[in-house]
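All heavy atoms count here, side chains included; hydrogens, waters and symmetry mates do not.
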Amino acid sequence: MAVLGYNKYQQHQMQQAALLYSELVNATIHKNNSVARASAESIINTYNDTPYGTLAHFFLARLDMEGKQVAVAEKAFKAIIDHHEVPLGMHSMARLSLARLYVDHHHPHIYHDYGFAEDQMMQFVGHHPMDCFMCLVYEAFHRRHIIT
């Protein structure tokens, strides 16, 4: 009986999170950033352990990037990366988004943490083993130069 009650509770939580997420998407479509931000924050505060919580972090990061709030967007991506229970693929998407944020804003973190200047990036990538994050930084860096 307790299992049925818990399952019903989880289902209710997902339905409530889905309603807020729908509000978030609609507000974003209509460029109502204050409602979108409020909806995302509500999802994160109340339903962070659902897949909608992860998506809300992405929406907040997008709003912050559009508002030139790089440090706040970085925090949103890191929240996804650091959260252990996110839907499959979301850690990688958050890492790539964070790498793209760093490259787009010439964030010194990606260069200084690995001990080289921005113009040395291509040499570093070509001659040194690197962790997954540096692969993502390279990919974001490369895409930026192809697209722009």
Side-chain angles (χ1 to χ4, degrees), residues 4-122 124-125 130-148:
L4 290 175
Y6 183 70
N7 286 342
K8 196 120 176 114
Y9 170 76
Q10 280 187 316
Q11 186 178 29
H12 177 73
Q13 292 290 94
M14 288 295 278
Q15 288 172 344
Q16 294 301 109
L19 286 173
L20 277 173
Y21 182 75
S22 177
E23 184 179 297
L24 167 60
V25 171
N26 287 331
T28 303
I29 289 170
H30 293 100
K31 306 226 184 285
N32 191 341
N33 290 349
S34 60
V35 171
R37 182 172 296 281
S39 296
E41 288 172 352
S42 182
I43 292 169
I44 290 168
N45 291 332
T46 311
Y47 308 106
N48 196 43
D49 290 333
T50 69
Y52 296 106
T54 303
L55 294 171
H57 281 287
F58 276 110
F59 270 91
L60 279 182
R62 177 181 173 191
L63 291 171
D64 293 330
M65 287 170 50
E66 289 173 357
K68 308 290 188 232
Q69 305 265 340
V70 175
V72 182
E74 176 184 25
K75 184 178 174 185
F77 289 132
K78 284 184 175 182
I80 297 167
I81 293 166
D82 294 339
H83 198 280
H84 298 289
E85 296 179 26
V86 297
L88 186 63
M90 293 295 165
H91 282 120
S92 297
M93 189 185 309
R95 279 194 296 275
L96 181 58
S97 298
L98 181 60
R100 179 65 191 239
L101 176 74
Y102 286 162
V103 169
D104 285 350
H105 294 280
H106 304 283
H107 198 289
H109 171 78
I110 63 172
Y111 308 111
H112 297 294
D113 282 2
Y114 289 92
F116 58 91
E118 182 175 356
D119 62 341
Q120 295 172 311
M121 183 170 189
M122 297 304 284
F124 177 82
V125 169
M130 53 190 157
D131 63 14
C132 237
F133 183 72
M134 277 310 296
C135 292
L136 294 172
V137 169
Y138 172 72
E139 183 179 342
F141 182 80
H142 185 67
R143 283 184 182 174
R144 185 179 114 211
H145 288 290
I146 291 173
I147 294 170
T148 57

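When all heavy atoms are compared, the tightest approach of Leu24 to Ala56 is CD2-CA, 4.3 Å. Here the closest heavy-atom approach between residue Ala73 and residue Ala61 is recorded as CB-O, 3.7 Å. Contact between Ala27 and Ala36 at its shortest, heavy atoms only, is CB-N, 3.6 Å. The nearest pair of heavy atoms linking Ala17 to Thr50 is CB-OG1, 4.0 Å.
For the atom pair Ile44 CD1 and Ser39 OG, the distance stands at 11.0 Å (nearest 0.5 Å). Here the CZ atom belonging to Phe58 is positioned 4.0 Å from the CD1 atom belonging to Ile80, to the nearest 0.5 angstrom. The CD atom of Glu66 sits 9.5 Å away from the CG atom of Asp64 when rounded to the nearest 0.5 Å.
A salt bridge does not link Asp82 with Lys75: every distance from a Lys NZ or Arg NE/NH1/NH2 to an Asp or Glu carboxylate oxygen is 4.0 Å or more.
Between Ser22 and the options Leu19, Asn26, Val25, a side chain to side chain contact (heavy atoms under 4.5 Å, CB included) holds for only Asn26. For the side chain to side chain contact (heavy atoms under 4.5 Å, CB included) with Phe77, the qualifying choice from Met93, His57, Met65, Arg95 is Met65, the only one to do so.
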Decide yes or no on side-chain contact (heavy atoms from CB on, under 4.5 Å) for Leu55 and Met90, but give the supporting numbers first. CA-CA 9 Å; Leu55 294 171; Met90 293 295 165; 4.1 Å; yes
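Aromatic ring centres of Tyr52 and Tyr47 lie farther apart than the 6.0 Å criterion allows.
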Using distance only, find each side-chain donor-acceptor pair of residues 9-16 under 3.5 Å and give its atom names and separation, not counting sequence neighbours.
| from | atom 1 | to | atom 2 | distance (Å) |
| --- | --- | --- | --- | --- |
| Tyr9 | OH | Gln13 | NE2 | 3.4 |
| Gln10 | NE2 | Tyr6 | OH | 3.2 |

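In this structure the side chain of Val35 never reaches within 4.5 angstrom of the side chain of His30, judged on heavy atoms. Taking the side chain as every heavy atom from C-beta outward, His91 and Thr54 never approach each other to under 4.5 Å.
A donor-acceptor contact closer than 3.5 angstrom links the side chains of Ser34 and Asn32.
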